[in-house]
Number of protein chains: 2
Amino acid sequence: MLTIGKLGASTGVKVPTIRYYEQIGLLPEAERSAGNQRLYSQKALELLAFIRHARDLGFTLEAIRDLLSLSDQPGQPCAAADAIVVAQLAEVESRLARLGALKVELQRILTQCAGGKIADCRVIEALGDHSLCATDHRYPDLGATT
Amino acid sequence: MLTIGKLGASTGVKVPTIRYYEQIGLLPEAERSAGNQRLYSQKALELLAFIRHARDLGFTLEAIRDLLSLSDQPGQPCAAADAIVVAQLAEVESRLARLGALKVELQRILTQCAGGKIADCRVIEALGDHSLCATDHRYPDLGATT
DNA sequence: CCTAAGTCTCTAGCAACTAGAGCTTCAAGA
DNA sequence: TCTTGAAGCTCTAGTTGCTAGAGACTTAGG
(Lines give C-alpha, C1' and ligand atoms only; values in the text may rest on other atoms or scores of the structure.)
Protein backbone atom coordinates (compact mmCIF):
# COMPACT_ATOMS: atom_id res chain seq x y z
CA MET A 1 0.00 0.00 0.00
CA LEU A 2 1.26 3.41 -1.00
CA THR A 3 0.61 6.81 0.48
CA ILE A 4 -0.54 9.50 -1.89
CA GLY A 5 2.93 11.01 -1.88
CA LYS A 6 4.62 7.78 -2.99
CA LEU A 7 1.95 7.23 -5.59
CA GLY A 8 2.52 10.70 -6.95
CA ALA A 9 6.26 10.23 -7.01
CA SER A 10 6.07 6.93 -8.85
CA THR A 11 3.62 8.11 -11.49
CA GLY A 12 4.80 11.67 -11.92
CA VAL A 13 1.41 13.03 -10.93
CA LYS A 14 1.25 15.72 -8.30
CA VAL A 15 -0.51 14.99 -5.05
CA PRO A 16 -3.26 17.61 -5.38
CA THR A 17 -3.90 16.35 -8.90
CA ILE A 18 -4.51 12.84 -7.59
CA ARG A 19 -6.97 14.18 -5.07
CA TYR A 20 -8.58 16.17 -7.83
CA TYR A 21 -8.97 13.06 -9.97
CA GLU A 22 -10.64 11.31 -7.10
CA GLN A 23 -12.89 14.27 -6.51
CA ILE A 24 -14.17 14.28 -10.07
CA GLY A 25 -14.61 10.52 -10.00
CA LEU A 26 -11.86 9.65 -12.43
CA LEU A 27 -10.15 7.64 -9.73
CA PRO A 28 -12.20 5.55 -7.30
CA GLU A 29 -12.21 6.66 -3.71
CA ALA A 30 -9.07 5.44 -2.05
CA GLU A 31 -8.99 3.25 1.00
CA ARG A 32 -8.05 5.07 4.16
CA SER A 33 -5.61 4.35 6.96
CA ALA A 34 -6.62 4.47 10.60
CA GLY A 35 -5.61 8.12 10.57
CA ASN A 36 -7.72 8.88 7.50
CA GLN A 37 -4.91 9.04 5.00
CA ARG A 38 -5.37 7.65 1.51
CA LEU A 39 -3.80 4.29 0.70
CA TYR A 40 -3.28 2.95 -2.80
CA SER A 41 -2.85 -0.51 -4.21
CA GLN A 42 -0.70 -1.57 -7.14
CA LYS A 43 -3.85 -1.59 -9.22
CA ALA A 44 -4.49 2.04 -8.41
CA LEU A 45 -0.96 2.82 -9.46
CA GLU A 46 -1.52 1.21 -12.85
CA LEU A 47 -4.74 3.09 -13.26
CA LEU A 48 -3.10 6.40 -12.49
CA ALA A 49 -0.22 5.58 -14.82
CA PHE A 50 -2.74 4.97 -17.57
CA ILE A 51 -4.36 8.31 -16.92
CA ARG A 52 -1.05 10.08 -16.82
CA HIS A 53 0.07 8.56 -20.07
CA ALA A 54 -3.18 9.38 -21.80
CA ARG A 55 -2.94 12.96 -20.54
CA ASP A 56 0.59 13.11 -21.90
CA LEU A 57 -0.85 12.09 -25.24
CA GLY A 58 -3.25 14.98 -25.06
CA PHE A 59 -6.48 13.15 -24.28
CA THR A 60 -9.02 15.11 -22.31
CA LEU A 61 -10.19 13.79 -18.98
CA GLU A 62 -13.54 13.08 -20.59
CA ALA A 63 -11.92 10.94 -23.28
CA ILE A 64 -9.94 9.16 -20.60
CA ARG A 65 -13.10 8.51 -18.68
CA ASP A 66 -14.53 6.88 -21.79
CA LEU A 67 -11.44 4.79 -22.36
CA LEU A 68 -11.52 3.62 -18.78
CA SER A 69 -15.13 2.59 -18.89
CA LEU A 70 -14.41 0.73 -22.12
CA SER A 71 -11.54 -1.11 -20.54
CA ASP A 72 -14.01 -2.28 -17.91
CA GLN A 73 -15.94 -4.12 -20.58
CA PRO A 74 -13.41 -6.54 -22.02
CA GLY A 75 -16.02 -8.34 -24.13
CA GLN A 76 -16.89 -5.30 -26.20
CA PRO A 77 -15.29 -4.79 -29.56
CA CYS A 78 -12.27 -2.62 -29.80
CA ALA A 79 -13.81 -0.17 -32.22
CA ALA A 80 -14.99 2.36 -29.67
CA ALA A 81 -11.56 2.69 -28.09
CA ASP A 82 -10.11 2.95 -31.53
CA ALA A 83 -12.47 5.74 -32.42
CA ILE A 84 -11.41 7.79 -29.43
CA VAL A 85 -7.78 7.51 -30.44
CA VAL A 86 -8.60 8.33 -34.04
CA ALA A 87 -10.46 11.43 -32.90
CA GLN A 88 -7.50 12.48 -30.81
CA LEU A 89 -5.19 11.96 -33.75
CA ALA A 90 -7.42 14.11 -35.91
CA GLU A 91 -7.36 16.80 -33.25
CA VAL A 92 -3.58 16.67 -33.08
CA GLU A 93 -3.29 16.87 -36.85
CA SER A 94 -5.57 19.82 -37.06
CA ARG A 95 -3.58 21.63 -34.41
CA LEU A 96 -0.39 20.81 -36.19
CA ALA A 97 -1.71 22.34 -39.39
CA ARG A 98 -2.86 25.45 -37.63
CA LEU A 99 0.35 25.88 -35.68
CA GLY A 100 2.33 25.42 -38.87
CA ALA A 101 0.46 28.33 -40.41
CA LEU A 102 1.02 30.43 -37.32
CA LYS A 103 4.72 29.72 -37.39
CA VAL A 104 5.02 30.86 -40.99
CA GLU A 105 3.08 33.98 -40.23
CA LEU A 106 5.09 34.89 -37.17
CA GLN A 107 8.32 34.38 -39.05
CA ARG A 108 7.06 36.57 -41.84
CA ILE A 109 6.10 39.27 -39.40
CA LEU A 110 9.55 39.17 -37.86
CA THR A 111 11.36 39.58 -41.15
CA GLN A 112 9.59 42.90 -41.59
CA CYS A 113 11.14 44.47 -38.58
CA ALA A 114 13.94 46.78 -39.56
CA GLY A 115 14.77 47.49 -35.93
CA GLY A 116 13.60 51.08 -35.90
CA LYS A 117 11.20 52.90 -33.64
CA ILE A 118 7.76 51.68 -32.79
CA ALA A 119 6.18 54.45 -34.79
CA ASP A 120 7.15 52.72 -38.00
CA CYS A 121 7.22 49.22 -36.67
CA ARG A 122 6.10 46.69 -39.19
CA VAL A 123 5.55 44.17 -36.45
CA ILE A 124 2.83 46.16 -34.81
CA GLU A 125 1.38 47.03 -38.16
CA ALA A 126 1.39 43.44 -39.34
CA LEU A 127 -0.34 42.38 -36.17
CA GLY A 128 -2.99 44.98 -36.72
CA ASP A 129 -3.96 44.01 -40.20
CA HIS A 130 -4.82 40.51 -41.20
CA SER A 131 -4.91 41.44 -44.87
CA LEU A 132 -1.13 41.77 -44.74
CA CYS A 133 -0.92 38.09 -43.95
CA ALA A 134 0.33 35.52 -46.38
CA THR A 135 -1.58 32.60 -44.95
CA ASP A 136 -5.07 32.25 -43.71
CA HIS A 137 -4.57 31.41 -40.10
CA ARG A 138 -8.07 32.43 -39.14
CA TYR A 139 -9.63 29.29 -37.91
CA PRO A 140 -12.33 28.78 -35.37
CA ASP A 141 -10.80 28.40 -32.00
CA LEU A 142 -8.95 25.21 -31.22
CA GLY A 143 -8.29 26.38 -27.74
CA ALA A 144 -6.71 23.61 -25.75
CA THR A 145 -4.04 21.64 -24.12
CA THR A 146 -0.76 20.51 -25.59
CA MET B 1 -20.58 54.92 -34.29
CA LEU B 2 -21.21 51.22 -34.05
CA THR B 3 -23.27 49.21 -31.64
CA ILE B 4 -21.56 46.31 -29.97
CA GLY B 5 -23.33 43.89 -32.26
CA LYS B 6 -22.06 45.57 -35.42
CA LEU B 7 -18.60 45.81 -33.96
CA GLY B 8 -18.66 42.13 -33.20
CA ALA B 9 -19.91 41.26 -36.65
CA SER B 10 -17.27 43.32 -38.40
CA THR B 11 -14.36 42.00 -36.36
CA GLY B 12 -15.49 38.43 -35.85
CA VAL B 13 -15.41 38.81 -32.09
CA LYS B 14 -18.44 37.71 -30.12
CA VAL B 15 -20.39 40.29 -28.21
CA PRO B 16 -19.81 38.82 -24.74
CA THR B 17 -16.13 38.61 -25.54
CA ILE B 18 -16.02 42.32 -26.32
CA ARG B 19 -17.66 43.08 -23.00
CA TYR B 20 -15.20 40.76 -21.35
CA TYR B 21 -12.26 42.58 -22.91
CA GLU B 22 -13.64 45.83 -21.60
CA GLN B 23 -14.14 44.33 -18.18
CA ILE B 24 -10.53 43.22 -17.89
CA GLY B 25 -9.32 46.55 -19.20
CA LEU B 26 -8.00 45.35 -22.53
CA LEU B 27 -10.43 47.64 -24.28
CA PRO B 28 -11.13 51.10 -22.89
CA GLU B 29 -14.62 51.70 -21.56
CA ALA B 30 -16.93 52.41 -24.45
CA GLU B 31 -18.98 55.54 -24.81
CA ARG B 32 -22.63 55.07 -24.06
CA SER B 33 -25.81 56.09 -25.84
CA ALA B 34 -28.64 57.87 -24.06
CA GLY B 35 -30.09 54.43 -23.34
CA ASN B 36 -26.80 53.14 -21.88
CA GLN B 37 -25.75 51.06 -24.83
CA ARG B 38 -22.12 50.88 -25.85
CA LEU B 39 -21.01 52.85 -28.89
CA TYR B 40 -17.75 52.32 -30.74
CA SER B 41 -15.66 54.49 -33.02
CA GLN B 42 -13.62 53.43 -36.01
CA LYS B 43 -10.59 53.58 -33.78
CA ALA B 44 -12.13 51.08 -31.41
CA LEU B 45 -12.80 48.82 -34.35
CA GLU B 46 -9.15 48.91 -35.36
CA LEU B 47 -8.09 48.21 -31.83
CA LEU B 48 -10.36 45.22 -31.57
CA ALA B 49 -9.22 43.96 -34.97
CA PHE B 50 -5.65 44.13 -33.69
CA ILE B 51 -6.57 42.13 -30.64
CA ARG B 52 -8.49 39.59 -32.66
CA HIS B 53 -5.63 39.13 -35.07
CA ALA B 54 -3.10 38.72 -32.31
CA ARG B 55 -5.35 36.19 -30.60
CA ASP B 56 -5.59 34.32 -33.90
CA LEU B 57 -1.82 34.21 -33.89
CA GLY B 58 -1.89 32.64 -30.47
CA PHE B 59 -0.77 35.57 -28.36
CA THR B 60 -2.09 35.59 -24.82
CA LEU B 61 -4.14 38.51 -23.63
CA GLU B 62 -1.21 39.48 -21.44
CA ALA B 63 1.14 39.61 -24.43
CA ILE B 64 -1.44 41.62 -26.31
CA ARG B 65 -1.69 44.02 -23.43
CA ASP B 66 2.07 44.51 -23.65
CA LEU B 67 1.97 45.01 -27.40
CA LEU B 68 -0.76 47.57 -27.03
CA SER B 69 1.05 49.55 -24.41
CA LEU B 70 4.13 49.50 -26.64
CA SER B 71 2.17 50.81 -29.57
CA ASP B 72 1.22 53.73 -27.37
CA GLN B 73 4.87 54.75 -27.15
CA PRO B 74 5.86 55.34 -30.76
CA GLY B 75 9.24 56.76 -29.83
CA GLN B 76 10.50 53.62 -28.17
CA PRO B 77 12.64 51.20 -30.11
CA CYS B 78 11.03 48.29 -31.79
CA ALA B 79 13.00 45.66 -29.94
CA ALA B 80 10.48 45.05 -27.19
CA ALA B 81 7.67 44.32 -29.62
CA ASP B 82 10.01 42.14 -31.55
CA ALA B 83 10.87 40.16 -28.46
CA ILE B 84 7.25 39.40 -27.74
CA VAL B 85 6.80 38.01 -31.23
CA VAL B 86 10.00 36.00 -30.97
CA ALA B 87 8.80 34.50 -27.71
CA GLN B 88 5.51 33.59 -29.29
CA LEU B 89 7.31 31.99 -32.20
CA ALA B 90 9.39 29.92 -29.81
CA GLU B 91 6.25 28.81 -28.04
CA VAL B 92 4.66 27.80 -31.31
CA GLU B 93 7.72 25.87 -32.35
CA SER B 94 7.89 24.00 -29.10
CA ARG B 95 4.25 23.04 -29.39
CA LEU B 96 4.80 21.93 -32.94
CA ALA B 97 7.57 19.62 -31.82
CA ARG B 98 5.48 18.16 -29.05
CA LEU B 99 2.43 17.67 -31.22
CA GLY B 100 4.57 16.02 -33.85
CA ALA B 101 5.70 13.46 -31.30
CA LEU B 102 2.14 12.91 -30.15
CA LYS B 103 1.00 12.35 -33.69
CA VAL B 104 3.64 9.70 -34.31
CA GLU B 105 2.74 7.96 -31.09
CA LEU B 106 -0.99 7.97 -31.71
CA GLN B 107 -0.48 6.58 -35.18
CA ARG B 108 1.73 3.88 -33.80
CA ILE B 109 -0.84 2.97 -31.19
CA LEU B 110 -3.50 2.73 -33.85
CA THR B 111 -1.51 0.35 -36.03
CA GLN B 112 -1.52 -2.10 -33.15
CA CYS B 113 -5.24 -2.53 -33.15
CA ALA B 114 -6.26 -5.76 -34.81
CA GLY B 115 -9.92 -4.93 -34.38
CA GLY B 116 -10.68 -7.60 -31.80
CA LYS B 117 -12.26 -7.39 -28.39
CA ILE B 118 -11.22 -4.96 -25.73
CA ALA B 119 -9.79 -7.74 -23.62
CA ASP B 120 -6.85 -8.02 -25.98
CA CYS B 121 -6.87 -4.47 -27.21
CA ARG B 122 -3.43 -3.17 -27.93
CA VAL B 123 -4.74 0.35 -27.94
CA ILE B 124 -5.75 0.24 -24.31
CA GLU B 125 -2.57 -1.56 -23.46
CA ALA B 126 -0.41 0.92 -25.31
CA LEU B 127 -2.14 3.76 -23.56
CA GLY B 128 -1.45 2.16 -20.24
CA ASP B 129 2.21 1.64 -20.62
CA HIS B 130 4.57 4.37 -21.61
CA SER B 131 7.44 1.94 -21.95
CA LEU B 132 5.76 0.60 -25.07
CA CYS B 133 6.19 3.98 -26.67
CA ALA B 134 8.64 4.67 -29.45
CA THR B 135 9.08 8.34 -28.71
CA ASP B 136 9.46 10.24 -25.53
CA HIS B 137 6.44 12.46 -25.53
CA ARG B 138 6.68 13.11 -21.82
CA TYR B 139 7.24 16.76 -21.56
CA PRO B 140 6.41 19.11 -18.76
CA ASP B 141 3.06 20.61 -19.44
CA LEU B 142 2.81 23.22 -22.15
CA GLY B 143 -0.82 23.64 -21.45
CA ALA B 144 -2.25 26.37 -23.60
CA THR B 145 -4.15 27.91 -26.37
CA THR B 146 -4.02 27.17 -30.06
C1' DC C 1 8.51 12.27 23.21
C1' DC C 2 9.34 15.68 19.85
C1' DT C 3 9.80 17.50 15.62
C1' DA C 4 9.37 17.84 10.80
C1' DA C 5 7.46 16.13 6.86
C1' DG C 6 3.52 14.51 5.00
C1' DT C 7 -1.46 14.46 4.86
C1' DC C 8 -6.20 16.12 5.55
C1' DT C 9 -10.34 19.35 4.04
C1' DC C 10 -11.81 23.48 2.26
C1' DT C 11 -11.89 27.54 -0.49
C1' DA C 12 -10.34 30.35 -4.11
C1' DG C 13 -7.72 31.32 -8.24
C1' DC C 14 -5.71 30.83 -13.22
C1' DA C 15 -6.85 31.66 -18.77
C1' DA C 16 -10.18 33.09 -21.81
C1' DC C 17 -14.11 32.86 -22.41
C1' DT C 18 -19.38 31.02 -22.57
C1' DA C 19 -24.11 30.57 -20.97
C1' DG C 20 -28.08 31.94 -18.69
C1' DA C 21 -31.52 34.83 -16.03
C1' DG C 22 -34.13 38.75 -15.94
C1' DC C 23 -34.37 43.18 -17.31
C1' DT C 24 -34.35 47.52 -20.70
C1' DT C 25 -33.87 49.77 -25.19
C1' DC C 26 -34.27 50.29 -29.98
C1' DA C 27 -35.87 49.90 -34.85
C1' DA C 28 -39.31 48.69 -38.03
C1' DG C 29 -43.87 47.41 -39.50
C1' DA C 30 -49.17 47.78 -39.04
C1' DT D 1 -48.64 55.55 -32.40
C1' DC D 2 -48.37 51.17 -30.82
C1' DT D 3 -46.31 46.85 -30.76
C1' DT D 4 -43.36 43.27 -31.25
C1' DG D 5 -39.03 41.10 -31.56
C1' DA D 6 -34.22 41.61 -31.82
C1' DA D 7 -30.52 43.41 -29.58
C1' DG D 8 -28.67 45.46 -25.58
C1' DC D 9 -27.80 45.72 -20.40
C1' DT D 10 -25.87 43.66 -15.69
C1' DC D 11 -24.91 39.96 -12.91
C1' DT D 12 -23.67 35.37 -11.60
C1' DA D 13 -21.94 30.97 -12.46
C1' DG D 14 -19.87 27.37 -15.38
C1' DT D 15 -16.09 25.46 -18.41
C1' DT D 16 -11.06 22.53 -18.28
C1' DG D 17 -7.43 20.87 -15.64
C1' DC D 18 -5.40 21.86 -12.48
C1' DT D 19 -2.63 24.94 -8.62
C1' DA D 20 -2.10 27.52 -4.25
C1' DG D 21 -3.03 28.55 0.32
C1' DA D 22 -4.96 28.23 5.19
C1' DG D 23 -5.26 25.74 9.23
C1' DA D 24 -5.58 21.29 11.38
C1' DC D 25 -4.07 16.48 11.91
C1' DT D 26 -1.08 12.05 11.32
C1' DT D 27 3.01 9.69 10.90
C1' DA D 28 7.98 8.32 10.81
C1' DG D 29 12.56 8.94 12.55
C1' DG D 30 15.80 10.17 16.04
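Lettering of chains follows the sequences in order, A, B, ..., and the numbering in each one begins at 1. The basis for the numbers below is simple: all heavy atoms, side chains too, and nothing from hydrogens, waters or symmetry mates.
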Quiz item: Between D:dT10 and B:R19, is there an OP1 or OP2 to side-chain N/O distance shorter than 4.0 Å?
Solution: no
Quiz item: Using a cut-off of less than 4.0 Å, is there contact between a side-chain N or O of B:R32 and OP1 or OP2 of D:dT10?
Solution: yes
Review item, nucleotides 19-28 of chain C N/O atoms under 3.5 Å of protein N/O:
from, atom 1, to, atom 2, distance (Å)
C:dC26, OP1, B:G35, N, 3.1

Exercise. Please answer whether the main-chain N or O of B:K6 pairs with a side-chain N or O of B:S10 as donor and acceptor at a distance below 3.5 Å.
Key: yes
Self-check item: Of B:V15 and A:E62, the one whose closest DNA chain D nucleotide lies more 5'
Solution: B:V15
Quiz prompt | Between C1' of C:dC17 and CD1 of B:I18, the distance in whole Å | solution = 13 Å
Quiz prompt | Phosphate OP1/OP2 of D:dT19: any A:T17 side-chain N/O under 4.0 Å | solution = yes
Quiz item: Just how far, in rounded Å, is P of D:dT15 from CG of A:L61?
Solution: 13 Å
Exercise. Determine yes or no for a side-chain-to-main-chain donor-acceptor pair under 3.5 angstrom, with B:R55 supplying the side chain and B:F59 the backbone.
Key: yes
Practice problem: Kindly say if B:R38 contacts the phosphate of D:dT10, meaning a side-chain N or O under 4.0 Å from OP1 or OP2. | Solution: yes
Exercise. Taking only heavy atoms on the protein side, list every residue of residues 1-10 of chain A lying under 4.0 Å from any atom of DNA chain C, sorted numerically.
Key: A:T3, A:I4, A:G5
Quiz item: In whole angstrom, what separates B:L26's CG from C:dA15's C1'?
Solution: 13 Å
Quiz item: So does B:Y20 get a side-chain nitrogen or oxygen closer than 4.0 Å to the phosphate oxygens (OP1/OP2) of C:dA15?
Solution: no
Quiz item: Is the distance from OP1 or OP2 of D:dG17 to the nearest side-chain N or O of A:Y21 less than 4.0 Å?
Solution: no
Quiz prompt | Heavy-atom closest contact (B:L47 atom, B:L68 atom, distance) | solution = CD1-CD2, 3.5 Å
Quiz prompt | Spacing between B:R65 atom CZ and C:dA15 atom C1', to the nearest angstrom | solution = 12 Å
Quiz item: Taking OH from A:Y40 and C1' from C:dT7, how many angstroms apart are they, rounded to a whole number?
Solution: 11 Å
Exercise. Please check if the side chain of B:T11 supplies one atom and the backbone of B:L7 the other of a donor-acceptor pair under 3.5 Å.
Key: yes
Exercise. Would you mind reading off the distance between A:E22 atom CD and D:dC18 atom C1', rounded to a whole angstrom?
Key: 16 Å
Name every donor-acceptor pair, under 3.5 Å, that has one atom in a side chain of residues 33-45 of chain A and the other anywhere in the protein, sequence neighbours excluded.
from, atom 1, to, atom 2, distance (Å)
A:S33, OG, A:G35, N, 3.2
A:S33, OG, A:N36, N, 3.4
A:S33, OG, A:Q37, N, 3.1
A:N36, OD1, A:R32, NH1, 3.4
A:R38, NE, A:E22, OE1, 3.1
A:S41, OG, A:K43, N, 3.3
A:S41, OG, A:A44, N, 3.2

Practice problem: May I have the distance from A:Q23 (atom CD) to D:dC18 (atom C1'), rounded to whole angstrom? | Solution: 11 Å
Quiz item: Is atom CD of A:E31 surrounded by more than 12 heavy atoms (other residues, nucleotides or ligands) closer than 6.0 Å?
Solution: no
Quiz item: B:R65 and B:E62: which non-hydrogen atoms are nearest, and at how many Å?
Solution: NE-OE2, 2.9 Å
Quiz item: For the hydrophobic clusters of this structure (ILVMFWY residues joined by side-chain heavy atoms under 4.5 Å, transitively), does one cluster hold both B:L96 and A:V104?
Solution: no
Quiz item: Is there a donor-acceptor pair closer than 3.5 Å between any side-chain N or O of B:Q88 and the backbone N or O of B:G58?
Solution: yes
